[in-house]
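Structure first, commentary second.
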Amino acid sequence: MSDSYDDDEYMEEEEEDLFEDEVMSDDDAAMDNEEGDYPVIPDKDKPKSYDVESKSLSVDDVQKDMRSQVEYVVSVFGLEPDTARMLLRDYGWNRERMTEQYMEDPSKVLIKAGIEPDATSPRSPIRSTSSQPPKESSFSFRRSTRKNPVPDPVTESKFMCPICCDDEPPSTLALACNHRFCSDCWSQYLEGKVRDEGECVVRCMKDGCSLLVPDSFIKEHSSAKTYDRFEELVLRHYVSHIAHLKFCPAPGCTDTVSCTAAATKSALDTVVPSVSCAHGHKFCFGCSIDADHRPVLCKVAKLWVKKCQDDSETANWIKTNTKECSKCQSTIEKNGGCNHMTCKKCKHEFCWVCMGPWSDHGTQWYSCNRYDDKAAIEARDAQSKSRISLERYLHYYNRWANHEQSAKLSAELYVKTEKKMEEMQLTTDLTWIEVQFAKKAVEEVLRCRATLKWTYAMAYYLDKSNEKELFEDNQRDLEKAVEDLSELLESPIEAETIPELRANMTNKTVYVQKRNEIMLEDTAQGFREGRWTWNVDLP
Amino acid sequence: MDAKLRRLQKEIADLRADTASKITIELVDDSLLHLLGTFIGPPDTPYEGGTYEVDIVIPQTYPFSPPKMKFLTKLYHPNVSSASGAICLDILKDAWSPVLTLKSTMISLQSLLCSPEPTDPQDAEVAKHYMTSRESFNDTARYWAEIYAGAPPTEKKAGASNTEGEEKAATDGKKGKAPVKKAPVVDEIAAAGLNVAHVQQFEALGFERRKVIEVLKRLNYRGTNIAKITDDQVVEKLLS
């Protein structure tokens, strides 16, 4: 499902580009409108009460953000920036929990994260009292070359890299755990982990050794490209663990959106966080169901989409091809044979034509003239009752799907409208700027259809109440206004009526926009006040 | 020389030198990148004494990526697909370390046969069988080991119902005129770890044997589970 939405977004984008080619800004249009007698179409970018506050961040902004977290830990505990970053990563960037536990038992926290406690601070004294040679615990990794005048304890006894089986490697490396391998194998390993597997947590090559490869080691012993990728992965790790940050899902977009209003799960009970990045890609901060499913909450939208996927085709088929047993309400498909039905479940025998019990039919097999029989009428009544819920669902589904379908045709509508705008220019002396009202109308219709679509999902789950009636009044007003405007968009262009059409369409656009705002504002306020009651238990 | 080939040569040479482990690795063709490994089923398991062949494909990035291994010999085990031989083992995936070798991996496979992990199954049907009725599972696994892995026939009478049925059917076959023809049909039931009587019960309703076996296998119609499954449920599945 999401795929098709992505496609739509693309198409819309392309179409917008088409218009942008004709150098023209909204400001010009507004100015022009002020001069004429037409109402000004209000600026759509002004923040509304139903919009959530959000901020688009560039890669640099996020990096700065991340660095400040690291710097905090560095300043509090006097750790190396590398170590601080590795620790925060281990704690999923939960700085509070990390600092708390670090204060309790620093070495436990370090070991858990896979960091050699001795290597964390350059100021810490060398463990000269340990049984190991002092050289081993002084630093997290050492490079030893064969030119080294002091022979390495390992190379002394004829070292062979256990990975490539080279017994004369030009140089070898080991982390603080002293698992030694040749440098070629190390860099191949790092490339593979970072570039192919996309890991930003890389451990020592020895199986079972959980020592983390320090960031500085990766920087020093892998290519610049690999290290860049590593930094990118760390950044991704950061964004994915911070609740108020999310990457823009648009392909190729590198923006991150920060939205504190929708950072917690409970916040999603009262807000519908439709956000957009600095590049104008719209998406929902709370879910991936639709870029903008206002006015309905993420979880309600999810419930609805799931129901539609599961049910709508089945429900349609059931409606057209089956009847319910008049006794136990099992759904029955008649796929041949006579009208004498025996319910497989409750063994009730009835007539498929009149739904009355078969026993009343006596010997009149294979024909039924008892349609008005009392028992048969009762049976049919029960039948229709059981169909109500199905009908109800289909009512909302069909309207929802209808608006969705209309939105899918948006690209076509844009092209058609553009043609019309050209035609208007040719037949009258209106300028390109002056015919922009048509494009504005199309944009508004599409936006409102998106709203309308989701109002049906909401209405399906709303409890029957006065509130719901008011909601449906708003919905009806908006729907009527949208349909009027749509019709106007379809109307033929005639030179003499163009000024009238222009006035009419601009008026209607403003009206539709107002209706849409009322709809969204009222529902958003309803969520804040807890005014809506649902006929299902929300998860 | 290529580090990967150098290492593979050494690994293969080491394995040839080591006769104690009873693990062999042979080249399939001229390349070192496609190998055939064998090991012996570990003692005190249903797989005891069987010879298990493993297809090994070495990736270009070896030893930084794990070798691709799958069983060529069919075996009845929760972590091995009974159809394709695919293996579910952590060191063949994300827990791989470049320090691990073909030999250590083969040893891991061997120990996987000793201690199945039914909670992380590759073959859900086999895992269900393992969880519900261990004894019946062991019989089936042993049966597979005997017919597919060439494990020596067991002396002790495996008391479970399915082998009983098998023996009965086998003796029936000897009395009849065409004993050879009947044997593979019985194999199928025992190989699925089912009871001959159960299969015949539903066969009698007019369903094909193959279908009955398939459905009963899917429903895990074994041990204590049988009491939980009604005949209607089985028939419903058979009809669908």
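The analysis underlying the following values was restricted to heavy atoms, covering all of them including side chains, and did not include hydrogens, waters or symmetry mates. Per chain, numbering begins at 1; letters A, B, ... match sequence-line order.
Leu100(B) CG to Met205(A) CE: the interatomic distance, rounded to the nearest 0.5 Å, is 12.5 Å. In this structure, the separation between OG on Ser97(B) and CZ on Arg203(A) is 13.0 Å, given to the nearest 0.5 Å. Atom CZ of residue Phe64(B) and atom CD of residue Glu191(A) lie 10.0 Å apart, to the nearest 0.5 angstrom. To the nearest 0.5 angstrom, Lys10(B) atom NZ is 4.0 Å from Met160(A) atom CE. We find the OG-CG distance between Ser108(B) and Asp207(A) to be 9.0 Å, quoted to the nearest 0.5 Å. In this structure, SG on Cys165(A) lies 6.5 Å from CD on Glu11(B), to the nearest 0.5 angstrom.
Around the CG atom of Asp231(B), the shell of radius 6.0 Å holds more than 12 heavy atoms that belong to other residues, nucleotides or ligands. For Lys128(B), the NZ atom counts as densely surrounded, since its 6.0 Å shell holds more than 12 non-hydrogen atoms of other residues, nucleotides or ligands. Around the CD atom of Glu236(B), the shell of radius 6.0 Å holds no more than 12 heavy atoms that belong to other residues, nucleotides or ligands. In the displayed structure, Lys345(A) atom NZ is contacted under 6.0 Å by at most 12 heavy atoms of other residues, nucleotides or ligands. Heavy atoms of other residues, nucleotides or ligands lying less than 6.0 angstrom from CD of Glu214(B) number more than 12. Under a cut-off of 6.0 angstrom, the local environment of NZ in Lys225(A) is sparse, with at most 12 non-hydrogen atoms contributed by other residues, nucleotides or ligands.
Looking at Cys185(A), both its backbone and its side chain come within 4.5 Å of chain B, counting heavy atoms on both sides. For a residue to count as touching a neighbouring chain, one of its non-hydrogen atoms must lie under 4.5 Å from one of that chain's; by this rule Pro63(B) touches chain A with the side chain only.
For the pair Arg7(B) (side chain) and Ile163(A) (backbone), a donor-acceptor distance under 3.5 Å is present.
When all heavy atoms are compared, the tightest approach of Lys206(A) to Val99(B) is CA-CG2, 3.5 Å.
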